[in-house]
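Have a look at the structure below, then the notes.
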Amino acid sequence: MSPRASIPRSKRILDFVLALLGGIVLLPLILLLALLVRIFLGQPVLFRQPRPGIGGLPFTLYKFRTMRDASGADGQPLPDAQRLTGFGRLLRATSLDELPELWNVLRGEMSLVGPRPLLMRYLDRYTPQQFRRHLTLPGITGWAQINGRNNVSWEDKFALDVWYVDNWSLWLDIKILLLTPLKVLQREGISQPGNATAMEFMGSRPAAAPDEKGGPL
């Protein structure tokens, strides 16, 4: 059975209908944002990057570009926080940079709700439990996004993702969709201090072994 075949039919129908309606209603805004990105940041307008989808299989993620091209004296790109423009911060703070992902939803590569698709290089850094976040489609928003976003640790974020996988229901998706605009308006957890979004995930440390008294070593 292919990984995509495990997605509940009701979830796929909800995704397709809402993404199609949203794409039609928001088309003028999407075109306006594309023009503004072209003016303020240049080309390309869209940011494309391989991301892990269901089962960890790669797909191409589409977002509006939020960073300028800038390199240091060594010719290497500057850190994300230095390349992120004021306009780019506005797009991220309002989550408007995510609108092109509606195309990923229509293609069946993403869901409206699910664990956020992170970087391909993280796949080898997950524990077996953390990797279970890939048992469903990645989402534009998710349980972790309405419960702290980038304000929580990677371990807590992945625990929220796995909880969502284990407790999924159509009503849970609807609840998350209804709560997401409120969280966007509150603009909480957009980035960690000193980072454009979040620190890179380098893997979880194993739990410390207890000593003879039952405490950590």
Side-chain angles (χ1 to χ4, degrees), residues 19 22-23 26-53 56 58-107 109-112 114-125 133 138-142 144-146 148-154 157-158 161 180-181 183-203:
L26 296 173
L27 182 59
L29 175 60
I30 292 172
L31 294 177
L32 175 61
L33 290 174
L35 176 61
L36 292 175
V37 171
R38 176 67 178 84
I39 293 172
F40 288 109
L41 295 172
Q43 293 181 320
V45 170
L46 292 179
F47 170 79
R48 301 175 176 87
Q49 189 178 58
R51 295 289 179 94
F59 71 97
T60 301
L61 177 82
Y62 296 93
K63 297 176 66 173
F64 279 125
R65 180 182 178 188
T66 58
M67 297 185 187
R68 61 188 176 94
D69 293 324
S71 301
D74 57 359
Q76 297 298 313
L78 293 174
D80 288 354
Q82 296 182 36
R83 294 189 295 120
L84 187 63
T85 66
F87 177 64
R89 287 190 180 89
L90 177 63
L91 289 180
R92 291 194 176 196
T94 56
S95 296
L96 291 175
D97 62 319
E98 311 278 359
L99 288 179
E101 292 172 27
L102 291 173
W103 177 242
N104 291 120
V105 175
L106 289 173
R107 287 168 56 90
E109 298 163 334
M110 290 182 65
S111 172
L112 293 174
R116 284 295 298 164
L118 301 175
L119 300 177
M120 293 298 297
R121 63 177 178 267
Y122 289 2
L123 290 177
D124 293 334
R125 303 175 187 176
R133 68 192 302 275
I140 296 178
T141 185
Q145 277 59 54
I146 66 169
R149 201 170 178 178
N150 288 319
N151 268 343
V152 298
S153 69
W154 282 116
K157 187 181 301 184
F158 297 151
D161 289 339
T180 294
K183 295 298 180 179
V184 171
L185 291 175
Q186 291 175 340
R187 299 190 181 187
E188 295 177 350
I190 297 170
S191 61
Q192 293 177 340
N195 296 274
T197 50
M199 295 176 60
E200 180 169 354
F201 174 62
M202 302 305 296

**Item:** Step-by-step side-chain contact (heavy atoms from CB on, under 4.5 Å) determination, Thr141 to Lys183
**Value:** CA-CA 10 Å; Thr141 185; Lys183 295 298 180 179; over 6 Å; no
[X] to [Y] - nearest heavy-atom pair and separation:
X      : Y      : result
Ala19  : Val105 : CB-CG1, 3.7 Å
Tyr122 : Phe201 : OH-N, 3.1 Å
Leu41  : Arg65  : O-NH1, 2.9 Å
Leu123 : Gly56  : CD1-O, 3.7 Å
Ile30  : Gly23  : CD1-O, 4.5 Å

**Prompt:** Any salt bridge between Glu200 and Arg125, counting N to O under 4.0 Å?
**Reply:**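 Judged by the 4.0 Å cut-off on N to carboxylate O distance, Glu200 and Arg125 do form a salt bridge.
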Nearest-0.5 Å distance that lies between atom [atom1] in [X] and atom [atom2] in [Y]:
X     : Y     : atom1 : atom2 : answer
Phe87 : Phe40 : CZ    : CZ    : 6.0 Å
Thr66 : Phe47 : OG1   : CZ    : 8.0 Å
Lys63 : Arg48 : NZ    : CZ    : 14.0 Å
Leu36 : Leu31 : CG    : CG    : 11.0 Å
Leu46 : Thr60 : CG    : OG1   : 11.5 Å

Do [X] and [Y] come within less than 4.5 Å of each other through their side chains, counting heavy atoms only?
X      : Y      : value
Ile140 : Asn104 : no
Ile146 : Thr180 : yes
Leu118 : Phe158 : yes
Arg116 : Gln145 : yes
Val45  : Leu35  : no
Val37  : Leu91  : yes
Phe59  : Met110 : yes
Pro138 : Arg51  : no

**Asked** Looking only at atom types and distance, does a side-chain atom of Trp154 sit under 3.5 Å from a main-chain N or O of Met202, one as donor and one as acceptor?
**Response**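 Side chain of Trp154 to backbone of Met202: no pair is present.
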**Asked** Between Thr85 (side chain) and Gly88 (backbone), is there a donor-acceptor pair under 3.5 Å?
**Response**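 Indeed, once roles are kept as given, a pair shorter than 3.5 Å links the two residues.
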**Request:** Verify side-chain contact (heavy atoms from CB on, under 4.5 Å) between Glu109 and Glu101, making sure each step is shown before the conclusion.
**Result:** CA-CA 9 Å; Glu109 298 163 334; Glu101 292 172 27; over 6 Å; no
